[in-house]
Amino acid sequence: MEKISGSEALLRTLIAEGVDTIFGYPGGAVIPVYDCLYDYKDKLKHVLVRHEQGATHAAQGYARVSGKVGVALVTSGPGATNTLTGIADAMMDSTPLVVISGQVASSLLGTDAFQEIDVIGITQPITKWAFQIRKPEDIAWAVSRAFYIASTGRPGPVVLDFTKDAQVGEVEYEYKKVDYIRSYQPEPDIVPERIRLAAELINKAEKPFCLVGQGVILGNAERELLAFLTKNDIPAGSTTLGLSAMPSDFPLNKGMLGMHGNVGPNRKTNECDVLIAIGMRFDDRVTGDLKTYAKQAKVIHLDIDNSEIGKNVPVDVKVLGNAKYTIPQITALLEERKRPEWNAEFEPDAKEEYEKVINKELHPSSGYLKMGEVIRKVSEATGNDAVLVTDVGQNQMMGVRYFKYSRTRSVVTSGGLGTMGFGLPAAIGAKFGAPDRTVCFFTGDGGLQMTLQELGTIMQERLNVKIILLDNNFLGMVRQWQELFYDKRYSFTELENPDFVAVAKAYGIVAREVREREDLDGAIQEMLACDGAYLLVADVEPQGMVYPMTPAGSTVTNILMGDDK
């Protein structure tokens, strides 16, 4: 067999695993890999980010829209520690990620050498697997194993710490695909009795309600979900990460669950008689007070991760397995039914929410631009077919509420960790993951400035990303909580911002600021027609609020709608 360096063995294995794009930043402990990468430019696209955190978030965005594993490559020490936020974010949101960090030579481990850090010790709690490669003979096996673990079962991040001597040492290279690990069962065995019990409960139900999580998307089970809901006429609500599993106009799609979700899905959670949760983890932002959550309902929970079933909400029927396979087995046992009365019960809630919240947000007669109207107009101008990327805060909740989706893998946002600064690099990754789709990134002035340097990546890559800054000169979501729950004591949430248009232009990005409502449509059309990156700064109301809102820790039916301030 041919002898090659460990660095080349790494690159060959990445290619064998189907990798086409790497997001990274070079440094001393990973120079051998980068030197080898110089000869692989035609086989591996390397995207030079401006910060290692940006590499992980870009890899996340890439993975979320493409369904593939995202890859980040960084150096040791601060290069590795800068990835921790992205790794933790990927763990919380079940995003398949492989982060490869350089490391000092094996002989220097434990000596506090320059830029040495215990990467494995730091990352083990926030990864599915973390492994240090000290010998070139372990490279092919470790890399293939990393991709297998990251992409199967409940996906998540894996870290490979790659010592410098392993990078430069020679090895007789042979690629062997890892598709089995004795101690790891990514696809649990499906128990037929539980399938039968679940179908039996649903068939007897008068008011079943389905909660759709990201597990449907991760399992590629969108068609199976729609067939399941349609056969038994079951209304459904989505978690934030599960939103695009159903098209926005699907008749049984009743909207979003959670703190800033739609009124109907939240209220009906406490009125249904059977609650069917698929690929979601009953996060506190969805359930509110667990003591009052869905106590009247029998609960069926479908999930691939056994640790999530019964963790927060007691379950009557546990269905362990990939939703791709468990959903159709239940569907086959369901009766064909129509539930016009039950589905009609969502209509008064939808009407109330429209009159009290949505109409005011989408159709204001005067005053400042509203976040919701900007978002909806952008969505409609793209034919509701774009990829939505958000940062975190009011822009995030408004984005997922008012953007519309026509196909799956159309929402990229930081769910479980709520990482400000996530959005800009994630939008970069999303564009590489779905180059033929329009990527619309909505951000606030706070989150944008956390990773603003990634505009340099957009400039260097000539990347066509549409950035819509909803600028209110506040850390809006914290300010909203201060207004509602802290006697309007706005402690350190007001921002003095730079001229964002000038900043964008310094990076060679076309930019425009809009203050007046009559200029908004034209600015959006100009942005979408631009053959390249574009920053649209929309000056929105400084003290706007995101409603509806269920206060943290409250029952899901205690919903504020702005008329009760």
Side-chain angles (χ1 to χ4, degrees), residues 5-63 66 68-87 89-90 95-104 115 117 119-120 122-123 127 129-133 136 138-140 142-147 150-151 157-168 425-426 428-429 432-433 453-454 456-457 460-461:
S5 71
S7 294
E8 187 167 2
L10 168 67
L11 299 184
R12 287 194 186 185
T13 309
L14 290 177
I15 293 168
E17 290 293 330
V19 175
D20 53 28
T21 306
I22 299 171
F23 303 91
Y25 202 94
V30 78
I31 283 179
V33 175
Y34 271 90
D35 182 67
C36 190
L37 192 56
Y38 190 85
D39 296 323
Y40 277 77
K41 292 177 182 177
D42 58 335
K43 296 178 181 177
L44 287 169
K45 169 68 178 177
H46 180 274
V47 180
L48 179 62
V49 296
R50 297 305 187 261
H51 190 282
E52 291 89 354
Q53 181 182 345
T56 53
H57 293 329
Q60 287 178 273
Y62 174 91
S66 70
K68 299 173 66 175
V69 178
V71 179
L73 176 63
V74 301
T75 193
S76 64
T81 58
N82 282 344
T83 68
L84 295 180
T85 298
I87 294 169
D89 195 288
T95 304
L97 207 64
V98 171
V99 176
I100 303 163
S101 61
Q103 183 55 278
V104 301
Q115 292 191 333
I117 199 77
V119 173
I120 303 304
I122 292 172
T123 60
T127 55
W129 185 51
F131 181 76
Q132 188 172 70
I133 302 174
D138 290 339
I139 294 168
V143 174
S144 186
R145 181 183 171 104
F147 276 80
S151 62
V158 170
V159 165
L160 294 175
D161 194 38
F162 198 6
T163 64
K164 202 164 187 179
D165 49 322
Q167 297 173 42
V168 300
I428 292 169
F432 279 105
Q453 69 275 359
E454 298 305 333
T457 306
Q460 186 161 346
E461 293 294 336

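Just so it is clear, the values below take in all heavy atoms, side chains as well, and ignore hydrogens, waters and symmetry mates.
Considering all non-hydrogen atoms of both residues, A142 and W129 come closest at O-CZ3, 3.6 Å. Looking at every heavy atom in both residues, D39 comes nearest to D42 through O-OD1, 4.1 Å. The minimum heavy-atom distance between P136 and G6, with the atom names listed, is CB-CA, 4.3 Å. In this structure, Q167 and S5 approach most closely via the heavy-atom pair O-CB, 3.9 Å. Across all their heavy atoms, L97 and T56 have their closest contact at CD1-O, 4.1 Å. E454 and G54 get closest at one heavy-atom pair: OE2-CA, 3.8 Å.
Among L37, I15, L160, V143, the one residue that satisfies the side-chain contact (heavy atoms from CB on, under 4.5 Å) test with L10 is V143.
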* To do: Could you check F147 against V71 for side-chain contact (heavy atoms from CB on, under 4.5 Å), going step by step and ending with a plain yes or no?
  => CA-CA 10 Å; F147 276 80; V71 179; 3.7 Å; yes
* To do: Show your working on side-chain contact (heavy atoms from CB on, under 4.5 Å) between V30 and V74 and close with a plain yes or no.
  => CA-CA 7 Å; V30 78; V74 301; over 6 Å; no
* Please lay out, stage by stage, how T163 and Q132 fare under the test side-chain hydrogen bond (donor to acceptor under 3.5 Å, both in side chains). => CA-CA 7 Å; T163 64; Q132 188 172 70; over 6 Å; no
* To do: Might you work through the ring pair (Phe, Tyr, Trp, His ring centres under 6.0 Å) test for H46 and Y40, ending with a clear yes or no?
  => CA-CA 10 Å; H46 180 274; Y40 277 77; over 10 Å; no
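Checking side-chain atoms of T13 against main-chain N and O of A9 turns up a donor-acceptor pair under 3.5 Å. For K164 (side chain) and G28 (main-chain N/O), a donor-acceptor pair under 3.5 Å exists by modelled atom type.
Between the CD1 atom of I133 and the CG atom of D165 there is a distance of 11.5 Å, given to the nearest 0.5 Å. Remark: T81 OG1 to I87 CD1 distance equals 10.0 Å, nearest 0.5 Å. Note: D20 CG to L14 CG = 11.0 Å, rounded to the nearest 0.5 Å. Between the CD1 atom of I120 and the OG atom of S101 there is a distance of 7.0 Å, given to the nearest 0.5 Å. The OG atom of S66 sits 12.5 Å away from atom CZ of F432, with the distance rounded to the nearest 0.5 Å. Taking CG of D89 as the start and CD of Q53 as the end, the distance is 9.0 Å to the nearest 0.5 Å.
Counting only residues at least two apart or in different chains, salt bridge (Lys or Arg N to Asp or Glu O under 4.0 Å) contacts with residues 46-61 are absent.
Partners of H51 under the ring pair (Phe, Tyr, Trp, His ring centres under 6.0 Å) rule, at least two apart in sequence or in another chain, do not exist in this structure. Scored by the ring pair (Phe, Tyr, Trp, His ring centres under 6.0 Å) test, Y25 finds no partners at all (sequence neighbours excluded).
Inter-residue side-chain proximity for L84 and T123 is flagged as met; some heavy-atom pair is nearer than 4.5 Å.
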